[in-house]
Amino acid sequence: MSAAADRHRRALELPVVEAAAALVGCTITHGECSGLIVETEAYHETEPACHAFAGLTPRTWPLFEAPGLAYVYRSYGIHALLNVVVEPAGDGAAVLIRALEPLAGIHHMVERRGRTSPTDLCSGPGKLTQALGIGLELNATPLLGGPVALGPPPPGHDAEPVLVAGPRIGITRAIELPWRFCAAGNRNVSRPWPPGLLG
DNA sequence: CATGGGATTGACT
DNA sequence: GTCAATCCCATGC
């Protein structure tokens, strides 16, 4: 078994910031659709941008479960956003999946998204859930052996990806934390990073 | 019980 | 660059 083959399982055992970095290069699969994770963000209960900062509530309880659950919530009344719950039970932490590189089931993604550009299918946290058909009904389902599956890097992607870290997107609190991780040079990220970092 | 604010996107100027 | 759509739920009275 190569190191890449269980990178996703090892990521689930790490503290949330390290887990966010380690999950870049793993895969998300739902039904016939799958994509390579190219962008993530870490959220932890100790900082106010995290939903778990409010404590254990009817909305946030999955964040405090054992690692490996999906946390799916509605954003802006419209979009479903997918997170990977990490850290031991009792600690509220999760990794937001912000962008995927489409790998399989692309014609389903095109149907659901109503767009054909491959870099406009999964290049955002709301886009990728729409493309893969992931809705709120999948909240708190397991990512190992559940309907939405977290998987290892696919063939041809087993090298550790080069990462670019930066501030998280779209939040108003704890904006100083560099807890966003992107696969360097990948065109499927939700937003370009600052000029000059691409080399 | 009323209110306000989003971990966003797409359409438009 | 601006802005509306749309709804769950945390918060405050």
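Chain letters run A, B, ... following the sequence lines, proteins first and then strands; every chain starts at 1. Everything quoted here is computed from the prediction, not taken from an experiment.
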Can you check whether [X] reaches [Y] side chain to side chain, under 4.5 Å on heavy atoms?
{"X": "A/Leu36", "Y": "A/Pro154", "result": "yes"}
{"X": "A/Pro161", "Y": "A/Val38", "result": "no"}
{"X": "A/Thr60", "Y": "A/Phe53", "result": "no"}
{"X": "A/Arg74", "Y": "A/Leu136", "result": "yes"}
{"X": "A/Leu150", "Y": "A/Ile28", "result": "yes"}

Separation between the C1' atoms of B/dA7 and C/dG1, rounded to whole Å: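 Result for the C1' pair: 23 Å, nearest Å.
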Say we look at B/dG4 and C/dA4: how far apart would their P atoms be, to the nearest angstrom? 16 Å
For the pair made of [atom1] in [X] and [atom2] in [N], what is the distance, rounded to whole Å?
{"X": "A/Ile134", "N": "B/dT8", "atom1": "CD1", "atom2": "P", "value": "16 Å"}
{"X": "A/Leu121", "N": "B/dG10", "atom1": "CG", "atom2": "C1'", "value": "15 Å"}
{"X": "A/Leu96", "N": "B/dA7", "atom1": "CG", "atom2": "C1'", "value": "5 Å"}
{"X": "A/His51", "N": "C/dC9", "atom1": "NE2", "atom2": "C1'", "value": "10 Å"}
{"X": "A/Arg180", "N": "B/dT8", "atom1": "CZ", "atom2": "P", "value": "10 Å"}
{"X": "A/Ile175", "N": "B/dG6", "atom1": "CD1", "atom2": "P", "value": "12 Å"}
{"X": "A/Arg74", "N": "C/dA5", "atom1": "CZ", "atom2": "P", "value": "17 Å"}

Ignoring backbone atoms, test whether [X] places a side-chain nitrogen or oxygen under 4.0 Å from the OP1 or OP2 oxygen of [N].
{"X": "A/Arg59", "N": "C/dC7", "value": "no"}
{"X": "A/Ser75", "N": "B/dA7", "value": "no"}
{"X": "A/Arg98", "N": "B/dT8", "value": "yes"}
{"X": "A/His79", "N": "B/dA7", "value": "no"}
{"X": "A/Thr172", "N": "B/dG5", "value": "no"}
{"X": "A/Arg115", "N": "B/dT9", "value": "no"}

Would you find a donor on one side and an acceptor on the other, under 3.5 Å apart, between the side chain of A/Arg10 and the backbone of A/His8?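 Between the backbone of A/His8 and the side chain of A/Arg10 there is no qualifying donor-acceptor contact (under 3.5 Å).
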Hunt down the Watson-Crick or G-U wobble partner of B/dA7, both distances under 3.5 Å, from any strand shown, or write none.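 Base partner found: none.
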Opposite nucleotide pairing with C/dT6, Watson-Crick or G-U, both atom distances under 3.5 Å: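 Paired with no nucleotide.
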Taking for each residue the nucleotide of DNA chain B with the nearest heavy atom, is it A/Arg173 or A/Ser190 whose nucleotide lies nearer the 5' end?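 Comparing both residues, the 5'-ward one is A/Arg173.
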Here's a test of your reading of the structure: between A/Asp120 and A/Ile169, which maps to the more 5' nucleotide of DNA chain B? A/Ile169
Decide yes or no, distance alone: a donor-acceptor N/O pair under 3.5 angstrom between the base of C/dA5 and the side-chain of A/Tyr76. no
Face-to-face stacking of A/Tyr43 with B/dA7, centres under 5.5 angstrom, angle under 30°: yes
Which sits closer to the 5' end of DNA chain C, A/Leu136 or A/Ile78, going by the nucleotide each is nearest to? A/Ile78
